[in-house]
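The structure appears below as structure tokens.
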Amino acid sequence: MPEQPKLAFIGGGTMAEALIKGLLNKGLFEPSAVLVSDPLQARLDFLHETYGIQTTMSNLLAVEADTVIFAVKPPQLPDVLREVGPHWRPTSMGLSIVAGFRLDQFAPFFPQGTPPLVRAMPNTPCVVGEGITAIAPNSDVDASQLDLARAIFRAVGEVLELPEHYFDAVTGLSGSGPAYVTLIIEALIEAGVQQGLPRRISRELVCQTVKGATMLVQQSGKHPAELKDQVTTPAGTTAAGLQVLEESAIRATLCRAVSAATERSKALGKG
Ligand SMILES: NC(=O)c1ccc[n+]([C@@H]2O[C@H](COP(=O)([O-])OP(=O)(O)OC[C@H]3O[C@@H](n4cnc5c(N)ncnc54)[C@H](OP(=O)(O)O)[C@@H]3O)[C@@H](O)[C@H]2O)c1
């Protein structure tokens with residue numbers, strides 16, 4: 001007889017796997033207490049063999065867990081909720097990482113009343129334990145459930161509890177942000193190659209520079225502009241490079257990118 005799962009995932013894709021890996025590494029759950037449901041048997045076999053967790057193709061088995069994480073793509077969520085909503089145990093907490101789906105949009109799917117729910121917006125660096133996740137609970141979540149939600153996402157990075165009305169901006173900034181930063185990394189690697197550096201060397205220089213600059217901002221507590229000024233000698237090399245970036249309106253471009261992504265998130269939320 002398999003153990004009653006404490007934590008279940010509906011959807012066993014990329015984000016679910018990142019969370020499973022982090023949670024097991026941190027020892028927050030035993031593998032035997034975690035269940036994943038997904039329609040693809042090959043995916044379930046991989047997750048079972050890699051992490052030793054329980055697997056099923058039945059979402060109804062998943063909702064027997066105390067905490068259920070919705071980790072399907074946004075268009076798949078309404079069908080999942082129609083299926084599991086009528087079978088929900090009222091005390092179980094639902095945790096949704098589905099982009100653009102608001103807490104108030106869950107209510108119609110739960111005929112016995114809205115359960116405790118936490119909305120979360122993680123990002124892809126969760127896969128390497130360096131994510132940042134915004135969380136927002138509904139009013140039915142108690143203190144110990146909120147602690148558990150925080151602990152689950154802390155297993156894969158940092159956690160911020162924020163009012164839900166910030167979530168579109170969070171989606172546009174940290175949700176989509178890893179793609180902006182990797183685009184900049186890609187461009188800088190290419191720039192190094194154009195200046196004659198071997199690609200492998202250019203990649204190493206760029207990755208450590210981005211990581212180091214990030215840590216400098218985080219650990220010094222200084223304003224980024226102050227750190228920039230400290231390395232900008234009058235008429236020096238950095239000043240020459242910065243002038244080109246400013247002429248190219250890099251600040252305004254980044255603002256427009258975040259604004260476009262935020263507007264897109266708002267539009268998706270309106271269905
Ligand atoms: N990746 C990110 O950076 C990121 C960041 C923040 C939030 N999110 C959110 O996280 C969620 C998951 O993203 P992801 O990147 O992990 O997606 P994903 O890799 O596509 O994972 C979704 C999984 O759910 C499965 N699935 C589909 N229909 C199902 C059903 N009815 N019942 C159970 N499982 C079902 C899919 O199987 P099939 O492949 O067979 O359809 C797939 O394995 C999304 O809602 C996304 O908005 C992602």
Side-chain angles (χ1 to χ4, degrees), residues 5 7-23 34-48 50-51 53-65 68-88 94-103 105-106 109 117-136 149 152-153 156-160 162 164 166-183 258 261-262 264-269 271:
L7 176 71
F9 290 83
I10 297 184
T14 312
M15 287 309 276
E17 184 179 354
L19 284 164
I20 290 163
K21 199 170 156 185
L23 293 169
V34 177
L35 173 73
V36 176
S37 72
D38 193 278
L40 205 64
Q41 188 61 49
R43 179 68 182 157
L44 292 176
D45 291 345
F46 167 82
L47 291 171
H48 174 69
T50 311
Y51 301 104
I53 56 175
Q54 298 186 54
T55 59
T56 178
M57 288 171 95
S58 163
N59 291 336
L60 294 184
L61 278 182
V63 295
E64 287 176 17
V68 181
I69 302 187
F70 296 104
V72 294
K73 290 284 190 202
Q76 298 157 346
L77 185 62
D79 279 347
V80 166
L81 291 175
R82 261 187 290 277
E83 182 190 0
V84 302
H87 303 276
W88 196 268
L95 229 155
S96 169
I97 61 168
V98 179
F101 206 85
R102 293 188 313 275
L103 288 168
Q105 291 174 299
F106 282 83
F109 297 98
L117 288 170
V118 175
R119 181 176 170 191
M121 174 45 61
N123 64 2
T124 47
C126 286
V127 172
V128 290
E130 290 291 342
I132 182 139
T133 303
I135 60 170
I152 286 173
F153 290 104
V156 289
E158 301 295 329
V159 177
L160 285 178
L162 293 175
E164 197 185 9
Y166 285 138
F167 267 53
D168 291 314
V170 169
T171 305
L173 188 60
S174 59
S176 304
Y180 311 150
V181 177
T182 45
L183 183 144
V258 174
T262 303
R264 185 80 191 110
S265 173
K266 283 182 194 163
L268 287 174

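Note that the coordinates shown come from a computational prediction; the quantities given were computed from them, not determined experimentally. Note: hydrogens, waters and symmetry copies are ignored here, and every other heavy atom, side chains too, is used. Counting starts at 1 for both ligands and their atoms, in listed order.
- Interface of Ala99 with ligand 1, defined as ligand atoms under 4.0 Å from a residue heavy atom, comprises 45 (O), 47 (O).
- At the top of the distance list for atom 19 (O) of ligand 1, counting protein heavy atoms only, stands Thr14 N, 3.0 Å.
- Here the protein heavy atom with the shortest distance to atom 48 (C) of ligand 1 is Met15 CG, 3.5 Å.
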Exercise. Taking it one step at a time, do Trp88 and Val68 satisfy side-chain contact (heavy atoms from CB on, under 4.5 Å)?
Worked result: CA-CA 10 Å; Trp88 196 268; Val68 181; 3.5 Å; yes

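- If you check which protein heavy atom lies closest to atom 26 (N) of ligand 1, you get Pro39 CD, 3.6 Å.
- For the residues Val170, Asp79, Asn59, the heavy atom positioned nearest atom 32 (N) of ligand 1 is part of Asn59.
- Of all protein heavy atoms, the one lying nearest to atom 20 (O) of ligand 1 is Lys73 CE, 3.1 Å.
- Taking every heavy atom of both residues into account, Gly175 and Pro178 meet most closely at O-CD, 3.5 Å.
- For atom 21 (O) of ligand 1, the closest non-hydrogen atom on the protein side is Gly13 CA, 3.2 Å.
- Ring geometry, Phe106 versus Phe70: the interplanar angle falls from 30° to 60°, so the pair is classed tilted.
- With a 4.0 Å cut-off on non-hydrogen atoms, Glu83 does not touch ligand 1 at all.
- No N or O atom of Asn123 sits closer than 3.5 Å to an N or O atom of ligand 1.
- Residue-environment remark: CD (Glu130) stays at or below the threshold of 12 foreign heavy atoms within 6.0 Å.
- Remark: ligand 1 atoms within the under-4.0 Å shell around heavy atoms of Thr124 are 1 (N), 2 (C), 3 (O).
- Within the set Asp38, Ile97, Thr171, the minimum heavy-atom distance to atom 37 (O) of ligand 1 is found for Asp38.
- Ring pair Phe109/Phe101 is tilted by interplanar angle, where 30° to 60° counts as tilted.
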For this session: Would you please test Thr55 and Asp38 for side-chain contact (heavy atoms from CB on, under 4.5 Å) and show each step?
Result: CA-CA 8 Å; Thr55 59; Asp38 193 278; over 6 Å; no

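- Between Thr262 and Gly172, the closest heavy-atom pair is OG1-CA, 3.8 Å.
- Tyr166 OH: 12 or fewer foreign heavy atoms inside a 6.0 Å radius.
- Across Val84, Val72, Val127, heavy-atom proximity to atom 44 (C) of ligand 1 is greatest for Val72.
- Interface of Val80 with ligand 1, defined as ligand atoms under 4.0 Å from a residue heavy atom, comprises 30 (C), 31 (N), 32 (N).
- When each atom of ligand 1 is checked for a heavy atom of Val98 under 4.0 Å away, the hits are 45 (O).
- The environment of CZ in Arg43 is crowded: more than 12 heavy-atom neighbours from other residues, nucleotides or ligands sit within 6.0 Å.
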Problem set entry | Derivation and outcome, side-chain contact (heavy atoms from CB on, under 4.5 Å), residues Thr133 and Ile97 | CA-CA 9 Å; Thr133 303; Ile97 61 168; over 6 Å; no

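- Under 4.0 angstrom from ligand 1, the non-hydrogen atoms of Gln76 all belong to its side chain.
- Within the 4.0 Å heavy-atom shell around ligand 1 one finds Pro122.
- Of the protein's heavy atoms, at least one falls inside 4.0 Å of atom 16 (O) of ligand 1.
- The OG1 atom of Thr14 sits 11.0 Å away from atom CG of Leu19, with the distance rounded to the nearest 0.5 Å.
- The option with the heavy atom closest to atom 22 (C) of ligand 1, from among Gly11, Ala16, Pro74, Ala71, is Ala71.
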